[in-house]
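Here the structure comes first, spelled out in structure tokens, and everything after it is commentary.
The shown structure was predicted, so the numbers you read here are calculated from the model rather than taken from an experiment. In what follows, every chain begins at residue 1, and chains take the letters A, B, ... in the order their sequences are listed.
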Protein chains: 2
Amino acid sequence: MNIKEAIDLLKDKGYKTTGKRKDILAYFEKADGYRTAKDLITYLENSYEGISFDTIYRNLHLYNEVGILESTELNGEKHFRMNCTHHHHHHFICNECGKTKEIEVCPMDEVQQSLANYAIEGHKFEIYGLCPMCKGA
Amino acid sequence: MNIKEAIDLLKDKGYKTTGKRKDILAYFEKADGYRTAKDLITYLENSYEGISFDTIYRNLHLYNEVGILESTELNGEKHFRMNCTHHHHHHFICNECGKTKEIEVCPMDEVQQSLANYAIEGHKFEIYGLCPMCKGA
DNA sequence: ATACATGCAAACAATTTGCATATTA
DNA sequence: TAATATGCAAATTGTTTGCATGTAT
């Protein structure tokens, strides 16, 4: 998902495109990885003195609802990233910088048979560690 | 891990074996799946009027530290289960009752090569849904 | 002009901590 | 009795909500 798609999606659904909304999109596009509400507000405080967590959370929640962002929970905090809608995949997530790398392997095919009488509703496969950049430093 | 092993482990490390501590172990042994602090306190309140969350959390934390329990985060709440130390595996987790089923498939072998320059520190593979019991009901 | 967005303040839920007291080894 | 466990109360952290006001369409 890119900024233009996201803005169109918001407009389609009747949401307004404010400066903050655009800047949030820009932030996540540039981030290319998982970020927390705290990360985001720290960034936005530069441009928007007095911006509050409720706005942050309301927008994160909205973006998550409409599919602009996807989220995962790490150490008791929600982390968000631009949604990659193109195809099913998983992520390596850098513990240091939050950047992600797509992992094409999905183990679900192999697993199905052993869960014959179960109703599978979802799954999560994530790999954590240090990306080459953070590993080097 | 069974209750006896757990108690020995606690004693070895100089921790005391109180009635609550034993009951917590019994609870998780019987549960055979993931449970929250809330689940646990609800159960313990029957036997221990006035038991408080701080005791619950302190013990969950302790058990997690020494390896009696393992934990995962689901919907903003920590969930705990008896630690299965015997071998590496993953879990199917029932969204309804929290019971788990071991999954022997681990995708990490296939993944290694695509992360050549990364330092892998951990991974998570969980499947969510309904177990046969809850599916039937 | 009207609906949606935001700030403020306050509430919430999950979890943690300091301190005094109670209990186990 | 000496060290650990617990309860109480209060604090912390992450997140959400009601309400009045501000702003985009």
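When the P atom of dT15(D) is taken as reference, atom CG of L60(A) falls 9 Å away, rounded to whole Å. The distance between atom NE2 of H79(A) and atom C1' of dT15(D), rounded to the nearest whole Å, is 14 Å. The interatomic distance linking D23(A) (CG) with dA5(C) (P) rounds to 16 Å, in whole Å. Rounded to a whole Å, the CG atom of L40(A) is 12 Å from the P atom of dT6(C). Protein atom CD1 of I41(B) is 13 Å distant from nucleotide atom C1' of dC8(D), rounded to whole Å. If you take CG of L62(A) and C1' of dT6(C), they are 13 Å apart, rounded to a whole angstrom. Taking atom CD1 on I51(A) and atom P on dC8(C), their separation rounds to 11 Å, with Å as the unit. With rounding to whole Å, H61(B) atom NE2 is found 16 Å from dA5(D) atom C1'.
Distance CD1/I93(A) to OH/Y34(A): 5.0 Å, rounded to 0.5 Å. Rounding to the nearest 0.5 Å gives a distance of 8.0 Å between CD1 of I127(A) and NE2 of H123(B). Considering CD1 of I3(A) and CG of D8(A), their distance stands at 12.0 Å, rounded to 0.5 Å.
Taking side-chain N and O atoms only, K38(A) has a distance below 4.0 Å to OP1 or OP2 of dG14(D). Dashed line: the shortest gap from a side-chain N or O of Y57(A) to OP1 or OP2 of dT15(D) is under 4.0 Å. Here K22(A) does not reach the OP1 or OP2 of dA24(D): none of its side-chain N or O atoms lies under 4.0 Å away. Taking 4.0 angstrom as the limit, T36(A) places none of its side-chain polar atoms (N or O) nearer than this to OP1 or OP2 of dG14(D). Note on N75(B): every side-chain N or O is 4.0 Å or more away from OP1 and OP2 of dA14(C). Taking side-chain N and O atoms only, T55(A) has no distance below 4.0 Å to OP1 or OP2 of dT6(C).
Closest to the side chain of R58(B), from the set dT15(D), dC19(C), dA24(D), is dC19(C). Checking dT15(D), dT6(C), dG7(D) against every side-chain atom of R21(A), the shortest atom distance belongs to dT6(C). Of the candidates dG7(D), dT15(D), dT6(D), dT15(D) carries the atom nearest the E77(A) side chain, counting heavy atoms from C-beta on. Checking dT15(D), dA14(C), dC8(C) against every side-chain atom of F53(A), the shortest atom distance belongs to dT15(D). Comparing dA3(D), dG18(D), dA5(C) against the side chain of K16(B) picks out dA3(D) as the nearest. Proximity note for Y15(B) (side chain, C-beta onward) versus dT6(D), dG7(C), dT4(D): the nearest is dT4(D).
A donor atom on one side chain and an acceptor atom on the other are found under 3.5 Å apart for H87(B) and E104(B). In this model, a donor atom of one side chain and an acceptor atom of the other lie less than 3.5 Å apart for E121(A) and N95(B).
Within 4.0 Å of T17(A), counting heavy atoms only, lie sugar-phosphate atoms of the nucleic acid but no base atom.
For D54(B) against dA9(D), a side-chain-to-base donor-acceptor contact under 3.5 Å is present.
With DNA chain C read from its 5' end, the first of the two nearest nucleotides for A37(B) and E49(A) is the one closest to E49(A).
Ring-plane geometry between H90(B) and H88(B) is classed as perpendicular, the angle between the planes exceeding 60 degrees on a 0 to 90 degree scale with a lower cut at 30.
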